[in-house]
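Positions are given from 1 along the sequence. Order of appearance sets the numbers: ligands from 1, and atoms from 1 within every ligand.
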Amino acid sequence: MQRIVVLTGAGISEESGLQTFRGADGLWNHERIEDICTPQGFIRDPLRVDRFYNGLRALLPTVHPNAAHLALAELERAGRERRWDGQVTIVTQNIDDLHERAGSHNVIHMHGELLRLRCTACHATPAWRTDCFPDTACPACGQPALRPDIVWFGEMPYHMDIIARHLAECDLFVAIGTSGVVYPAAGFVDSVAGHADTMLFNLEIPSGPSAFDQAVIGPATRTVPAWTR
Ligand SMILES: CC(C)NC(=O)[C@H](Cc1c[nH]c2ccccc12)NC(=O)[C@H](CCCC/N=C(/NCCC(=O)O)S[C@H]1O[C@H](COP(=O)(O)OP(=O)(O)OC[C@H]2O[C@@H](n3cnc4c(N)ncnc43)[C@H](O)[C@@H]2O)[C@@H](O)[C@H]1O)NC(=O)OCc1ccccc1
């Protein structure tokens, strides 16, 4: 049984029409990380943070999974139906729902999900609704303590124990569409060195010596289906 862990970043959703963070027209070119993607920024100006994520939430119904998302979902299905002796686990840094909409089930959102909220009082994670604002009462405890269920800088990513187990057991680690700048995700390739082969699918070779055994350069909608076929 081949065990594959696939780490995905904003680059896999770029051809679906979702901006990346650091590309030419990246999200971080228009907003300061400190204002939008830190707990301090949310405390300082929750409406501004809400406006930013509502902008992304409004986009989501207008975009669709692309050939790279669909290829990964098909690979998972082939494993489940024993057409291939293997298992795929997707660990995504993305907060969009395109992997699930493509049909993938084994998806771990280490940085949270755009369509979820989290109550800082009772830790419930209700689904986001259009009529939700920072002062909306939590449906579980009634406290006005809801925030986006997104991992911001300085906060511990989700499911790190499950992710660590999958990384320890995998024999192939694949990274797709990520710049390898943000930790702990950027350190996963080093953590599997010695027990797994490693492949990178990206538009460009990241700077510095590549930690990957193999790099496949090009748009993910072309390179990923060619790899899974
Ligand atoms: C900037 C960096 C140096 N800072 C960090 O890493 C920090 C601090 C830190 C921790 N450890 C360290 C070690 C060293 C240095 C710093 C640190 N890390 C943290 O704060 C993390 C949390 C980080 C998570 C922050 N949240 C995000 N996202 C959610 C929000 C949101 O989404 O709005 S990060 C966000 O940026 C990250 C990078 O983005 P990418 O997805 O890689 O996108 P990017 O635009 O950068 O690149 C796109 C790539 O795709 C390629 N591409 C483009 N188009 C295509 C295409 N068509 N096809 C193929 N490829 C393509 C491009 O070539 C490019 O390479 C992703 O993780 C993404 O989720 N938390 C934590 O460490 O907690 C500790 C802790 C421990 C105990 C207890 C408490 C706390």
Under 4.0 Å from one or more heavy atoms of G218, ligand 1 contributes atoms 58 (N), 59 (C)
Proximity to ligand 1 by part of N202, non-hydrogen separation under 4.0 Å: both
Would you say G180 and ligand 1 have an N/O pair spaced under 3.5 Å apart? no
So, applying side chain to side chain contact (heavy atoms under 4.5 Å, CB included) with I12, which one of D96, L98, N94 is it? N94
Check each of E155, R222, M156 against atom 71 (C) of ligand 1 and report the one with the nearest heavy atom. E155
Evaluate L203 for polar contact with ligand 1, using N/O atom pairs at a separation under 3.5 Å. yes
Determine, stepwise, if the pair D35 / R32 fulfils salt bridge (charged side-chain N to carboxylate O under 4.0 Å, His left out). CA-CA 5 Å; D35 299 336; R32 287 176 350 118; 2.9 Å; yes
Using a strict threshold of under 4.0 Å (side-chain N to carboxylate O), is an ion pair present between R51 and E31? no
At under 4.0 Å between heavy atoms, which part of T178 makes contact with ligand 1: side chain, backbone, both or neither? both
Run the numbers on N66 and T221 for side chain to side chain donor-acceptor pair (under 3.5 Å), then give the verdict. CA-CA 7 Å; N66 61 48; T221 56; over 6 Å; no
Which bit of A220 is near ligand 1, meaning a heavy atom under 4.0 Å away: side chain, backbone, both or neither? both
At less than 4.0 angstrom from any non-hydrogen atom of Y53, what atoms of ligand 1 do you find? 30 (C), 31 (C), 33 (O)
If the cut-off is 4.0 Å to any non-hydrogen atom of G177, which atoms of ligand 1 fall inside it? 48 (C), 49 (C), 50 (O), 60 (N)
Below 4.0 angstrom from a heavy atom of E15, which ligand 1 atoms are there? Numbered from 1 as shown, please. 56 (C), 57 (N), 58 (N)
Which of the atoms of ligand 1 are close to G9, meaning less than 4.0 Å from one of its heavy atoms? 41 (O)
Tell me whether R57 is salt-bridged to E113, with the criterion being a basic N under 4.0 Å from an acidic carboxylate O. no
Shared hydrophobic cluster, V63 / V224 (ILVMFWY, side-chain heavy atoms < 4.5 Å): no
Would you please test T178 and Q93 for side chain to side chain donor-acceptor pair (under 3.5 Å) and show each step? CA-CA 9 Å; T178 185; Q93 300 166 84; 3.0 Å; yes
Any non-hydrogen atom of P219 lying under 4.0 Å from ligand 1? yes
Closest to atom 24 (C) of ligand 1 (judged by heavy-atom distance), picking from M160, Q93, H111: H111
Relative to atom 29 (C) of ligand 1, which among V151, L7, I12 owns the nearest non-hydrogen atom? V151
Quick one: do R118 and D149 make a salt bridge, cutoff under 4.0 Å? yes
For ligand 1, which atoms have a heavy atom of V181 less than 4.0 angstrom away? 2 (C), 3 (C)
Separation of C170 SG from H195 NE2 (nearest 0.5 Å): 4.5 Å
Under 4.0 Å to a heavy atom of E204 - the qualifying atoms of ligand 1, by number: 62 (C), 63 (O), 64 (C), 65 (O)
Which one of F153, W152, F52, Y183 has a non-hydrogen atom at the shortest distance from atom 17 (C) of ligand 1? Y183
Give the ring-plane orientation class for F212 versus F173, where under 30° counts as parallel, over 60° as perpendicular and anything between as tilted. parallel
Got H64 and H69 here, is their nearest side-chain heavy-atom distance under 4.5 Å? no
At less than 4.0 angstrom from any non-hydrogen atom of E14, what atoms of ligand 1 do you find? 54 (N), 56 (C), 57 (N)
